[in-house]
Amino acid sequence: MELRRRALDVLLLPDPAAKAAAAQALAAEPGRWPADPAAAPCPDRALPGRPARPRMVPPEQLPRRSPFTATGRAALLHAVAHIELNAIDLALDALWRFGGMPSAYYADWLRVAGEEALHFSLLAAHLATLGHGYGDFDAHDGLWAMCEKTAGDIVARMALVPRTLEARGLDATPPMQARLARAGDLRAVEILAVILRDEVGHVAIGNRWYRWLCAREGLDPVAHYALLAARHGAPRLRGPFNLAARRAAGFSQAEIAALEAAR
């Protein structure tokens, strides 16, 4: 089966554990299903496949999650697990939706899907040790909403999903690790270290393909990013920023200067 069709099939799976396992299996054999940039796979039902829970609510309806109570820590880690499940969907969607790209593009997003699936699986297993499972707490749909907004524009997708929404994790993860360490959850700290390490690479992939697309289309990456952020209602990013991680992920000095000037 062609890779992009297979990625769409995995994206349509409603069960989170099955989706994570299928994404990891797909990424484990990158040469088994070659990608056809000219293929036109078409979903036969609504995207993405979703379980009955968690209930989706507006972000402002979600309570603050303190790691210093058992329930609060579980809710916090559930929120991270929800982000990682969405990240599987986002990688699979980038893989199947956009034709006409080089083979390296599809290989990159296949790798991302497999690593995001590992992250979700690690968090789900840790949640189980806390007496909870994915779906036990409410969540919001902000990541997938941006995926839908940028479905018709690969440049906007690369600009606003991996290098904007997912890059926020580079900034948020170290403070979260510090709070979880103070709460005594060293396993959660270890899992977040794996996630942070891999997310630097994922954001770098977004940066690489955003710049490649801008070069192909004769666009200035910094100026066009501001246009896309305004057009699609991207959230305003607030510091403090993890500048070391952002530089490692390929943000230019001009982009970092623009980021700091806007906060």
Side-chain angles (χ1 to χ4, degrees), residues 16 20 23-24 27 64-68 72-92 94 108-130 134 139-140 142-144 146-147 158-210 234-235 237-253 255-256 259-260 263:
Q24 286 183 276
R64 293 181 63 85
R65 310 172 186 98
S66 168
F68 300 104
R73 186 160 71 255
L76 176 63
L77 294 172
H78 183 277
V80 182
H82 179 67
I83 290 169
E84 297 303 317
L85 181 62
N86 272 265
I88 301 171
D89 290 339
L90 297 171
L92 293 169
D108 276 347
W109 289 108
L110 178 60
R111 174 192 139 199
V112 173
E115 290 177 351
E116 303 290 18
L118 170 64
H119 302 166
F120 175 80
S121 299
L122 291 171
L123 288 162
H126 188 52
L127 269 174
T129 70
L130 303 177
Y134 180 71
H140 72 80
L143 280 170
W144 186 257
M146 184 58 77
C147 189
M158 294 298 106
L160 300 179
V161 173
R163 64 193 306 277
T164 299
L165 298 185
E166 294 187 76
R168 294 166 84 181
L170 304 181
D171 307 322
T173 299
M176 190 186 309
Q177 287 178 292
R179 293 196 301 274
L180 286 164
R182 291 198 300 272
D185 194 334
L186 299 185
R187 177 55 182 157
V189 175
E190 291 173 352
I191 293 170
L192 289 178
V194 172
I195 293 173
L196 180 60
R197 177 200 68 199
D198 292 346
E199 291 299 339
V200 170
H202 301 173
V203 176
I205 286 170
N207 270 320
R208 177 160 63 250
W209 290 109
Y210 174 66
L237 300 181
R238 294 179 173 83
F241 300 113
N242 186 345
L243 297 182
R246 284 180 173 269
R247 290 190 181 99
F251 284 96
S252 69
Q253 189 54 45
E255 288 168 326
I256 288 175
L259 189 68
E260 294 192 300
R263 63 174 167 173

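The closest side-chain donor-acceptor pair between D89 and W144, if any, does not fall under 3.5 angstrom.
Listed here is the closest heavy atom pair of L92 and A113: CD2-CB, 3.9 Å. The two residues A181 and V189 have their closest heavy-atom pair at N-CG2, 3.7 Å. Closest of all the heavy-atom pairs between P162 and V203 is O-CG2, 3.6 Å. Scanning both residues, N207 and A249, for their nearest heavy atoms gives ND2-O, 2.9 Å. Across every non-hydrogen atom of L127 and A81, the tightest pair is CD1-CB, 4.4 Å. What you find for Q24 and A117 is that their closest heavy atoms are CG-CB, 3.5 Å.
Between L130 atom CG and R73 atom CZ the span is 6.0 Å, to the nearest 0.5 Å. The distance from the CE atom of M158 to the CH2 atom of W209 is 9.5 Å, given to the nearest 0.5 Å. Once rounded to the nearest 0.5 Å, the distance linking CZ of R247 with CG of N242 reads 10.0 Å. Taking CZ of R179 as the reference point, atom CG of D185 lies at 12.5 Å (rounded to 0.5 Å). Summarising the geometry, atom NE2 belonging to H78 is positioned 9.0 Å from atom CZ belonging to R65; distances are rounded to the nearest 0.5 Å. In this structure, the separation between CG on N86 and CE on M146 is 13.0 Å, given to the nearest 0.5 Å.
Within the 4.5 Å cutoff, the side chain of L180 has no heavy atoms near those of the R187 side chain. Between P67 and L77, every side-chain heavy-atom pair lies at or beyond the 4.5 Å cut-off.
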Where do D108 and R208 land on the side-chain contact (heavy atoms from CB on, under 4.5 Å) test, with the steps shown first?
CA-CA 10 Å; D108 276 347; R208 177 160 63 250; 2.9 Å; yes
Does the pair E260 and L243 meet the rule for a side-chain contact (heavy atoms from CB on, under 4.5 Å), with working shown?
CA-CA 10 Å; E260 294 192 300; L243 297 182; 3.6 Å; yes
Apply side-chain contact (heavy atoms from CB on, under 4.5 Å) to the pair E199 and E84, showing each step before the final yes or no.
CA-CA 10 Å; E199 291 299 339; E84 297 303 317; 3.6 Å; yes
Taking it one step at a time, do E166 and L90 satisfy side-chain contact (heavy atoms from CB on, under 4.5 Å)?
CA-CA 10 Å; E166 294 187 76; L90 297 171; 4.2 Å; yes
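For the side-chain contact (heavy atoms from CB on, under 4.5 Å) test, residues two or more places apart in sequence or in another chain that qualify with R246 are A167, L170, D171, L237, F241, F251, L259. Legend: residues meeting side-chain contact (heavy atoms from CB on, under 4.5 Å) with P16, ordered by chain and number and at least two apart, are P51, L85, F120, Y134. For R111, the salt bridge (Lys or Arg N to Asp or Glu O under 4.0 Å) criterion is met by E115, not counting sequence neighbours.
Of the candidates L196, I195, L186, I191, L196 is the only one forming a side chain to side chain contact (heavy atoms under 4.5 Å, CB included) with Q177.
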